[in-house]
Amino acid sequence: MASVVELMSKEVQEDGNEQLDLLHVADPSITLTLPKESFLKAAISLKDQVVEATWKEGGGQIVDPTVYTGLLGTAFTCLRSYEATGNQRDLLLCTEIVHTCVEVARVSTRHVTFLCGRGGVYALGAVVAHYSGDRPRRDLFLDLFVEMAQERALPVGPDEGGFGMSYELLYGRAGFLWAALFINKHLGQEALPMGLLMPVVEATLAGGRVGASDNKDYPLMFRWHGTRYWGAAHGLAGILNVLLHFPLSEEDLEDVKGTLRYMMRNRFPHSGNYPSSEGNPRDKLMQWSHGAAGVSITLCKAAQIFSSNRDFRDAAIEAGEVVWKKGLLRKVGLADGISGNAYAFLSLYRLTGDKLYEERATAFASYLFHNARKLVARGHMYGSDHAYSLFQGLAGTACLCFDMASPENSRFPGFEL
């Protein structure tokens, strides 16, 4: 794995208002790769650049307090830096950013999810206070999270008219549940008791069954703004991934398995990619948010839970092959870019132990090391306001580089635990 990447432009591919512009790697195994220590240095440098652009230059002014595209994504990146380096300044900076986001989020953010709502503020706040040894503030954030969790819309099932709140990862119940899992991972499994969370899990499963009631081919189906999405951001891959982290009944597990197998049977036969939504015939998108990259990570989780069923492991590997064969994206972020797709290989590496997947992640990350700033400068983003954000910009690249320094411990931010 030496020499230079040869790139050929391909056609711009559109899905609604989104564009996915691919760079094809003539031989994806040929790239300039980096040692692990170089990734750590690159991660710290990128983190410092993100902090400078989003926090210091902005003077602490907040327009967007979310993890996804806002200032809280900078806080998450600082926490990842602290976990990787033990630098107390990162922890202090993360604390300052979270505290600045709290009041803004309480009045401006109606959502309760980790990535796009108050759930992220309270979850990060509790975790950072925990690592800082600030027990009163830790308990304050936990109380705020519990208060939010007791909002009646969360555990209300469809039989009670509970269709007002969506179910997906970015804005719905799955995103709330992920925030709770994040807290319990860092603070202990009883920080938020299952008795508080399982009614929301049950409401989500009930909503999926009602959504599938008009079609016997799949046990669970969810709609977001009327569309039955399959991807990680708004659809099945994101919701099922979260559900697999909870103690489900045999019936619930069978419904999750049945839905995943329905997706596996109905992927595109020639490419192996997954449709962005139910019945969508366009085989175009294969990033984390709407395609094979996100589905592959969910299938890796399913392969761990259903370890006696080889088909989930095989399907995860096949989805990873789609990501590799399609090549590089022009965007750098987690949602629709190279950083997010690299995490599919890291998940496969942790699942299989096969060094091939670590090498593929290294190839993608090395390309970003040499080209991420150029891609941002050329405007291959949603917009300059998001150039340093976690899911659409350089903060996501920084997190990937931190994880490349320790790939066996890697986790997709806001999606894996």
Side-chain angles (χ1 to χ4, degrees), residues 15-20 46-47 49-80 94 97-98 100-102 104-125 166 168-172 174-176 178-179 182 224-225 229 231-234 238 287-290 293-294 329-341 343 368 372-373 375-377 379-400 412-415:
D15 181 42
N17 293 323
E18 295 184 1
Q19 288 189 337
L20 178 65
L46 281 168
K47 180 265 301 179
Q49 185 179 353
V50 168
V51 169
E52 183 69 28
T54 62
W55 177 246
K56 295 181 180 178
E57 291 181 5
Q61 296 297 313
I62 302 177
V63 176
D64 179 353
T66 69
V67 172
Y68 193 80
T69 54
L71 190 57
L72 210 61
T74 301
F76 185 96
T77 307
C78 291
L79 178 62
R80 183 60 61 88
C94 185
I97 295 173
V98 169
T100 304
C101 289
V102 170
V104 177
R106 291 191 75 173
V107 299
S108 68
T109 306
R110 65 182 179 87
H111 301 294
V112 297
T113 61
F114 184 83
L115 294 178
C116 296
R118 287 174 287 143
V121 181
Y122 303 154
L124 267 178
S166 64
E168 38 81 71
L169 188 69
L170 262 62
Y171 301 106
F176 160 81
W178 198 93
F182 180 78
W224 189 69
H225 288 264
Y229 286 103
H234 299 298
Q287 66 266 51
W288 172 82
S289 59
H290 290 299
L329 308 180
R330 287 190 183 274
K331 296 173 185 177
V332 305
L334 295 172
D336 301 299
I338 300 168
S339 298
N341 282 16
Y343 273 102
L368 282 172
R373 291 179 176 87
L375 292 175
V376 170
H380 296 303
M381 312 290 295
Y382 281 95
S384 59
D385 288 346
H386 299 149
Y388 297 95
S389 71
L390 185 60
F391 268 71
Q392 294 179 5
L394 288 175
T397 305
C399 287
L400 173 64
F412 192 113
F415 191 55

Which pair of heavy atoms, one from Tyr343 and one from Leu334, lies closest together, and at what distance? CE1-CD2, 3.6 Å
From Cys78 SG over to Leu72 CG, what is the distance, rounded to the nearest 0.5 angstrom? 10.5 Å
Mark yes or no for whether Glu168, through its side chain, and Tyr171, through its backbone, hold a donor-acceptor pair below 3.5 Å. yes
Less than 4.5 Å apart, any side-chain heavy atom of Cys399 and any of Phe412? no
Quick check for you: to the nearest 0.5 Å, what is the distance between Leu394 atom CG and Lys47 atom NZ? 14.0 Å
Of all the heavy-atom pairs spanning Ala293 and Asn341, show the shortest one and how long it is. CB-OD1, 3.3 Å
How about Leu329 and Ile338: do any of their side-chain heavy atoms sit closer than 4.5 Å? yes
Not counting sequence neighbours, which residues clear side-chain contact (heavy atoms from CB on, under 4.5 Å) with Ala398? List them please. Leu46, Thr77
So how far is it from Thr74 OG1 to Leu390 CG, rounded to the nearest 0.5 Å? 8.5 Å
Might you point out which heavy atoms bring Ala123 and Ala179 nearest each other, and give the distance in Å? CB-O, 3.9 Å
Over all heavy atoms of both residues, which pair between Ala372 and Thr397 is shortest? Give the atoms and the distance, please. CB-CG2, 4.4 Å
What's the spacing between Leu169 CG and His234 NE2 if we round to 0.5 Å? 9.5 Å
Min side-chain heavy-atom separation Leu115-Thr66 under 4.5 Å: no
Could you tell me whether the side chain of Leu79 reaches within less than 4.5 Å of the side chain of Leu124, counting heavy atoms only? yes
With sequence neighbours left out, write down each residue that passes side-chain contact (heavy atoms from CB on, under 4.5 Å) with Ala233, or none if nothing qualifies. Leu170, Trp288, Ser289
Run Cys116 and Thr113 through side-chain contact (heavy atoms from CB on, under 4.5 Å) and show every step you take. CA-CA 6 Å; Cys116 296; Thr113 61; 3.8 Å; yes
Report yes if the side chains of Leu71 and Pro65 come closer than 4.5 Å at any heavy-atom pair, otherwise no. no
Could you tell me the separation between the OH atom of Tyr229 and the OG atom of Ser166, rounded to the nearest 0.5 Å? 12.0 Å
Parallel, tilted or perpendicular: ring planes of Phe182 versus Phe114, cut at 30 and 60 degrees: tilted
Could you check if a side-chain atom of Gln392 sits within less than 4.5 angstrom of a side-chain atom of Tyr68, using non-hydrogen atoms only? yes
To the nearest 0.5 Å, what is the distance between CZ (Arg118) and CZ (Phe176)? 10.5 Å
